[in-house]
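The structure under discussion appears below in the form of structure tokens.
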Amino acid sequence: MKNKRSFLQTAIGFALLNLFSFTLIAQRTPIGNLLVEGVGEIPSSISEKLEQYQNIRSANFADWDASGKGLYITTRFADVAQIHNVSKAGAYREQITFFKEPVTSVSTCPNPGKDGFLYSRDIGGNEQFQIYYWNRKYGTSKLLTDGKSRNGSYLWNKQGDKIAFTSTKRTGKDLDFYIAPLDNLSDTKMILENKGGGWNIADWNQDESRMIVTNYASINEVKAYLLDTASGKIEEINPTGKQISYGNFIFSKDGKGIFFTSDEDTEFRTLRYYDLATKKMSKIIDINNDVVIMELSENGSKLAFVINEGGYSKSYLMDTKTLKYSPLNLGSPGVITQMKFNKDNNLIAFGLSTPSQTSEVYVHNLKANKTERWTFSETAGLNPENFSQAKLIEYSTFDKDEQTGKTRMIPSFLITPKNAIRKLPVLISIHGGPEGQSTASFNAFNQYWANELGIAILVPNVRGSSGYGKTYLKLDNAMLRENSVKDIGALLDWIATQPNLDSSRVAVIGGSYGGYMSLACMTNYNNRLKCGIDLFGISNFVSFLKNTSAYRVDLRRAEYGDERDPKMAEHFEKISPLTNIKNITKPMLIYQGENDPRVPLSESEQMVEALKQNGVPVSYIRAKDEGHGIAKKANRDYTYTSISWFLKKYLVGE
């Protein structure tokens with residue numbers, strides 16, 4: 001009976017929310033494309049200094065251009081990231097696209113006679129991505145998809161006259177496979193009808209007869225298939241009956257096999273080879289870390305791969321004939337985000353970010369064994385030498401590791417102000433996913449909070465994070481959800497033992513699933529926290545699963561649990577922040593994009609209104625032109641200035 005009442009209360013809550021929605025919006029102050037309440041006037045001392053950090057630029061590698069000598073990169077000069085061309089190291093960044101929406105990926109046409117590339121973009125963060133072809137000769141853009149559905153996983157055939165892609169245009173939720181001739185879009189054909197939203201195209205072989213396709217059920221279970229493009233028939237690769245998670249796939253240049261990553265019989269996704277004739281799989285490397293990037297040279301003689309070691313990238317180069325590999329030194333310790341060989345097989349372009357340096361683009365010459373920096377992004381007058389480094393620490397949590405029998409250790413990055421002499425207030429920043437991982441990459445806001453507000457930032461990878469093996473990854477699934485929240489409780493215990501950290505001044509922040517974690521921490525550890533910040537987080541798992549986009553719901557049930565199961569629904573009600581909202585008495589700041597297809601607007605709206613009814617101070621920012629994140633600079637500037645002022649008031653102390 002109690003469970004029925006809680007569902008009835010939720011239903012009534014939604015009805016009231018709809019009834020008063022127009023009134024609530026009217027009470028909010030419009031600032032650009034934002035609707036704001038409870039933020040108040042922000043002192044210029046906050047906004048002016050933070051503006052420098054918000055204007056730090058970055059550059060991300062996208063692809064080699066048609067010449068094979070220059071690079072396409074993405075960087076932001078105005079409101080959102082756009083595509084630029086760089087002809088050589090340190091050269092002028094020629095901006096090519098000038099859209100209102102961000103463009104963050106490029107796929108150059110492999111036909112040297114065509115100077116063009118594929119790219120995709122959505123509208124207002126709705127994630128209904130459309131695929132376009134940009135013709136460099138004429139400076140024109142051509143829409144290749146229907147303009148309405150969700151499209152992705154696009155790649156060229158080897159001749160550069162056709163593209164393959166996935167699309168939901170048949171049902172709005174199922175991702176089917178299509179092939180489209182670039183010059184005759186009316187001849188676009190669906191080659192396989194699928195069920196579910198987890199399908200992707202990994203690679204397309206030389207003669208266009210076969211594709212490697214995958215179906216993502218969860219981060220722990222990904223199935224791989226060979227697809228015959230003529231008949232539409234698929235055959236499972238390595239059908240063992242085991243739960244296996246596959247990662248990257250590349251056809252070998254001779255067409256006889258496939259290089260791929262898999263966690264079969266191991267904790268990590270390691271590099272392997274599949275012989276197409278014998279259908280036998282062999283393990284190539286014996287490194288106990290996930291292989292996260294894998295790139296084959298144009299002639300197929302070399303394979304570069306990157307592993308994730310505790311949030312840092314390590315690179316290797318392998319001879320595909322001998323399968324021998326050796327370390328590839330690409331520069332300072334940090335995170336490599338993308339890499340690719342050029343046409344002569346001796347240059348590798350890549351993007352690299354470190355804890356104290358924003359993402360830049362580099363090119364490594366294999367013959368000379370030398371790395372050259374190609375981009376030099378502006379730091380808004382700030383001296384990068386003054387940025388803080390990240391220290392990797394571990395702390396003990398509440399349970400034991402079943403494999404070792406020892407107390408389980410949780411990894412975390414710690415960022416502190418330089419030359420700090422007093423006990424520091426602490427901000428715990430929790431990643432989303434939940435299968436994500438916080439890595440050793442640059443974060444301008446962490447630098448501002450540390451060096452201007454004097455805050456220590458802890459960035460933990462609680463159980464359920466990727467990068468630490470599949471056993472660790474499963475430790476928060478379904479009924480185990482709150483164990484990851486307990487990991488934050490253990491971190492609060494650890495903070496209390498540190499002489500330089502002030503356990504009486506601690507706050508939490510997180511986005512998406514990290515937003516849920518922030519809310520859950522506030523309901524569980526309210527008395528140990530000064531305030532909390534929730535960016536587009538889940539406030540009630542039942543309403544979240546009911547309202548998230550149709551193509552995602554089964555993928556999320558695999559991680560969180562199935563709300564259609566009465567026992568799971570009861571557990572969701574028990575642990576959801578909205579159910580336990582009476583426990584929150586400390587100030588909250590909440591941000592939400594109206595067009596979010598993942599965590600819908602209602603998750604934040606219901607939380608804000610419930611907090612206000614309980615008399616809790618709430619600052620709320622609602623973006624009319626954003627989805628799952630904050631892509632527009634104007635929105636990001638105001639939101640993070642508000643967050644910084646919130647932290648100054650409630651964590652640091654005015």
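Every heavy atom of this structure was used, including side-chain atoms; hydrogens, water molecules and symmetry mates were not. Computed from a predicted model, the values in this text were never measured in an experiment.
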Heavy atoms of other groups near Y138 OH, more than 12 under 6.0 Å: no

Within 6.0 angstrom of K314 NZ, more than 12 heavy atoms from elsewhere: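 Incorrect, the count does not exceed 12.
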
Would you say [X]'s side chain and [Y]'s backbone share a donor-acceptor pair under 3.5 angstrom?
X    : Y    : result
S465 : V462 : yes
K114 : C109 : no
K223 : I244 : no
D122 : Q128 : no
R598 : S549 : no
N308 : G311 : yes
Y216 : I219 : yes
T166 : N200 : no
S153 : I201 : yes
T145 : I131 : yes

Salt bridge check: are [X] and [Y] linked by an N-O gap of less than 4.0 Å?
X    : Y    : answer
R93  : E378 : yes
E127 : R150 : yes
E101 : R121 : no

Relative to the ring of [Y], is the ring of [X] parallel (under 30°), tilted (30 to 60°) or perpendicular (over 60°)?
X    : Y    : value
W134 : F99  : perpendicular
H84  : F77  : tilted
Y516 : Y513 : tilted
Y132 : Y119 : parallel
F165 : Y178 : parallel
Y325 : Y316 : perpendicular
F350 : Y362 : parallel

Derivation of the side-chain hydrogen bond (donor to acceptor under 3.5 Å, both in side chains) call for N635 and D625: CA-CA 9 Å; N635 297 338; D625 59 343; 2.8 Å; yes

Any side-chain donor near an acceptor of the partner, S105 and Y154, under 3.5 Å: yes

Option among R463, E267, E435 that satisfies the side-chain contact (heavy atoms from CB on, under 4.5 Å) test with L473: E435

